[in-house]
Amino acid sequence: MSMVPLPGLKEMVEGISKERNLPKHAVQAALREALLKGYERYRRTQKLDHFSEEYFDNFDVELDAEQEGFRVLANKTIVEEVINPDHEISLSEVQEVATEAQPGSIVLVDVTPNQKEFGRMAAIQTKQVLAQKLRDQQRKMIQEEFKDLEETVLQARVLRFERQSVILAVTSSFGQPEVDAELPKREQLPNDNYRANATFKVYLKKVGEGSTRGPQLLVSRADAGLVVYLFANEVPEIEDGVVRIVAVAREANPPSRHVGPRTKIAVDTLDRDVDPVGACIGARGSRIQVVVNELRGEKIDVIRWSPDPATYIANALSPARVDEVRLVAPEGRRAHILVAEDQLSLAIGKEGQNVRLAARLTGWKIDIKDIAKYDRAAEDSKLAAEATRLEELAGDYDADEAGDYDGDEETAEFEEEEAAATEETEAAV
């Protein structure tokens with residue numbers, strides 16, 4: 001069989017494998033695809049006829065690392081009379097080397113072009129396709145390597161800036177090469193200093209799929225999952241399952257620049273001898289301080305979860321002191337929170353941040369009221385009137401739905417229309 005020489009093939013495969021952190025078989029597969037595309041380009045320049053996308057499906061490239069070259073092979077069907085020489089070969093030609101050959105059988109034929117004929121344009125096409133195939137292989141490797149690490153935390157190092165995004169270098173495990181990851185503006189923390197080579201812990205939100213350009217890994221510093229990881233990493237009771245994190249509400253990028261980042265985290269335990277809040281805070285705040293430092297001074301409220309909604313809501317509004325929680329509409333998850341006048345601003349929080357986070361943490365709609373000005377009778381009347389109005393609206397809606405359809409009339413009209421249509425059809429025939 002003829003062969004197109006590729007001097008230095010073995011060293012080239014090994015070099016690309018090390019440089020791009022790809023296994024040798026992946027590099028060879030990319031090179032075979034690139035050479036096949038180069039052969040297609042060579043054939044298209046030779047013949048002006050239009051080739052379909054599937055025309056070259058029966059062609060393949062064989063690499064020979066020892067002899068440092070390649071061959072182009074084609075699977076051809078044995079026929080009595082050849083119509084398409086790219087897909088067929090004559091019986092008489094095959095019987096010259098294999099007398100037992102029969103029509104309809106498939107044989108592998110060497111169709112390697114002469115090196116000079118292969119042409120400069122085909123070589124350029126091969127080089128371009130090889131670069132693309134190697135990028136595709138790298139993307140595939142990254143997807144396989146990091147897909148199982150989604151929703152986990154990785155160590156990252158700042159590389160550069162692209163528009164408003166920070167490009168970071170992350171690794172999946174010790175000894176593995178670094179991979180680029182994107183930290184968009186919306187996932188950044190306002191107190192972070194993203195200087196070159198600064199290191200951060202980041203939450204891997206998503207591993208991109210397909211042939212998208214740029215980093216495939218989307219990471220976050222603002223996701224609540226980062227807070228959960230930091231506490232689990234710092235509090236042994238959480239890692240051991242003694243203390244569990246029930247809910248987290250985080251506002252890493254507040255709507256106003258005058259309000260800093262803040263998180264509320266609800267914890268619980270089934271062990272009566274363990275204080276879940278104290279376990280998370282640590283002696284003299286040692287444990288929570290590690291988390292706060294990693295999040296660059298973000299305020300964190302650790303509260304005790306409770307199966308009783310009123311107790312849970314009161315805890316969630318910490319550090320405000322709540323006098324009473326009225327579950328005014330349990331089915332709609334609405335509650336009135338009664339506090340003293342001096343606790344109003346603390347319960348609401350700066351620009352409403354505290355009550356907003358408490359509502360997200362508990363899943364209840366919370367209205368903060370001054371207990372001294374709260375008129376229970378008036379509020380009860382207002383709620384009763386609203387409930388009555390909603391019931392009336394629901395009743396009117398049901399009546400309208402029922403009124404839109406009269407079974408007997410609709411059926412009669414349909415039968416009349418069907419009979420008329422039948423008569424018209426018969427008349428036309």
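For the single chain, residues carry numbers from 1 onward in sequence order.
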Query - Pairs where residues 252-263 contributes a residue and the test salt bridge (Lys or Arg N to Asp or Glu O under 4.0 Å) is met, not counting sequence neighbours - result: R262-D301
**Report entry** Partners meeting salt bridge (Lys or Arg N to Asp or Glu O under 4.0 Å) with R244 (sequence neighbours left out)
**Finding:** D268
Query raised in the report: What residues, two or more places apart in sequence or in another chain, satisfy side chain to side chain donor-acceptor pair (under 3.5 Å) together with E237?
Result: R287
Report summary line: Sorted by chain and number, sequence neighbours left out, salt bridge (Lys or Arg N to Asp or Glu O under 4.0 Å) with D60 holds for none
**Report entry** For E151, salt bridge (Lys or Arg N to Asp or Glu O under 4.0 Å) partners two or more places apart
**Finding:** none
Query raised in the report: Taking only residues at least two apart or on different chains, which pairs with a member in residues 335-346 satisfy salt bridge (Lys or Arg N to Asp or Glu O under 4.0 Å)?
Result: none
Query raised in the report: With Q343, which residues qualify under side chain to side chain donor-acceptor pair (under 3.5 Å), at least two apart?
Result: none
Query - Test ring pair (Phe, Tyr, Trp, His ring centres under 6.0 Å) applied to F200 - qualifying residues, sequence neighbours left out - result: Y194
Requested in this report: List for me each residue that meets side chain to side chain donor-acceptor pair (under 3.5 Å) alongside D367, sequence neighbours excluded, and say none if there are none.
Outcome: none
Report summary line: With sequence neighbours left out, the residues meeting side chain to side chain donor-acceptor pair (under 3.5 Å) with E324 are R376
Query raised in the report: ring pair (Phe, Tyr, Trp, His ring centres under 6.0 Å) with F59: which residues, sequence neighbours excluded?
Result: Y39, F56
**Report entry** Partner set under salt bridge (Lys or Arg N to Asp or Glu O under 4.0 Å) for R333, not counting sequence neighbours
**Finding:** none
